[in-house]
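So that the names make sense, note that chain A is the first sequence line, chain B the second, and so on, each numbered from 1.
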Amino acid sequence: MDLFVANINKTVREDALRALFEEFGNVSSVKILTDKYTGESKGYGFVGMSNENHGLDAIKKLSNVEFFGRKLVVNKAKPKTTAY
DNA sequence: CCTGAGCGA
């Protein structure tokens, strides 16, 4: 399942985010939306977890917890909206 | 920047 993680501090990189979620289960993929031009993080990203239960658990455990000074907002991700 | 790509900041 894909997790949607918002309100991430811009100093947080994918590695840090992965490590954070690895604590609750196997992370299959990590994607932080970094602005391509400025190189800055957009402040949110996605974490793919192999196990659904672990994903839901991570949501409960990491939601609204402080990470690098910001309260994390974790939720299930919607299927990618390749807006057309 | 609370829903991911590249094409224009």
J.: What are the two closest heavy atoms between Ala58(A) and Leu3(A), and how far apart are they?
T.: CB-CD2, 4.1 Å
J.: Could you measure the distance from the CD1 atom of Ile32(A) to the CG atom of Asp15(A)? Nearest 0.5 Å is fine.
T.: 9.0 Å
J.: Going by number, which of residues 34-47 of chain A have a non-hydrogen atom under 4.0 Å from DNA chain B?
T.: Asp35(A), Lys36(A), Tyr37(A), Lys42(A), Tyr44(A), Phe46(A)
J.: Side-chain contact test, heavy atoms from C-beta onward, threshold under 4.5 Å: evaluate it for Glu40(A) versus Thr34(A) and give yes or no.
T.: no
J.: Return the residues of residues 4-13 of chain A meeting this criterion: a heavy atom under 4.0 Å from some atom of DNA chain B. Order them by number, or give none.
T.: Phe4(A), Ala6(A), Lys10(A)
J.: Any pair with a residue in residues 25-37 of chain A that passes salt bridge (Lys or Arg N to Asp or Glu O under 4.0 Å), sequence neighbours left out, goes on the list, sorted by first then second residue, please.
T.: none
J.: Given a cutoff of under 4.5 Å between side-chain heavy atoms of I, L, V, M, F, W and Y, with clusters grown through shared members, what are the other residues clustered with Tyr37(A)?
T.: none
J.: Are Glu52(A) and Leu56(A) close enough, and set up right, to give a side-chain contact (heavy atoms from CB on, under 4.5 Å), and what steps lead you there?
T.: CA-CA 6 Å; Glu52(A) 166 109 15; Leu56(A) 295 173; 4.1 Å; yes
J.: Atom CG of Leu33(A) and atom CD of Glu14(A): how far apart are they, to the nearest 0.5 Å?
T.: 9.0 Å
J.: Taking atom C1' of dC2(B) as reference, at what distance in whole Å does atom CG of Asn64(A) sit?
T.: 13 Å
J.: Enumerate the residues from residues 24-33 of chain A whose closest heavy atom to DNA chain B is under 4.0 Å, giving them by residue number; use none for an empty result.
T.: Lys31(A), Leu33(A)
J.: Quickly work out the Lys80(A) NZ to dC2(B) P distance and round it to whole Å.
T.: 19 Å
J.: CZ of Phe4(A) to NZ of Lys76(A): how many Å apart, nearest 0.5 Å?
T.: 14.0 Å
J.: When the P atoms of dG8(B) and dG4(B) are compared, how many Å lie between them, rounded to an integer?
T.: 15 Å
J.: Between side-chain atoms of residues 60-73 of chain A and protein atoms elsewhere (two or more places apart, or another chain), which donor-acceptor pairs fall under 3.5 Å?
T.:
{"from": "Lys61(A)", "atom 1": "NZ", "to": "Asp57(A)", "atom 2": "OD1", "distance (Å)": "2.8"}
{"from": "Lys61(A)", "atom 1": "NZ", "to": "Asp57(A)", "atom 2": "OD2", "distance (Å)": "3.2"}
{"from": "Glu66(A)", "atom 1": "OE2", "to": "Lys71(A)", "atom 2": "NZ", "distance (Å)": "2.9"}
{"from": "Arg70(A)", "atom 1": "NH1", "to": "Asn7(A)", "atom 2": "OD1", "distance (Å)": "2.8"}

J.: First locate atom NZ of Lys78(A), then atom CG of Asp2(A), and finally report the distance between them rounded to the nearest 0.5 Å.
T.: 13.5 Å
J.: For residues 41-51 of chain A, which side-chain donor-acceptor pairs fall under 3.5 Å, sequence neighbours excluded?
T.:
{"from": "Ser41(A)", "atom 1": "OG", "to": "Gly43(A)", "atom 2": "N", "distance (Å)": "3.0"}
{"from": "Ser50(A)", "atom 1": "OG", "to": "Asn26(A)", "atom 2": "O", "distance (Å)": "3.4"}
{"from": "Asn51(A)", "atom 1": "OD1", "to": "Asn53(A)", "atom 2": "N", "distance (Å)": "2.7"}
{"from": "Asn51(A)", "atom 1": "OD1", "to": "His54(A)", "atom 2": "N", "distance (Å)": "3.1"}

J.: Going by side-chain contact (heavy atoms from CB on, under 4.5 Å), name the residues that satisfy it together with Arg18(A), two or more places apart in sequence or in a different chain.
T.: Glu22(A), Val27(A), Val30(A)
J.: Got a sec? Which of residues 67-76 of chain A come in under 4.0 Å of DNA chain B, heavy atoms?
T.: Val73(A), Lys76(A)
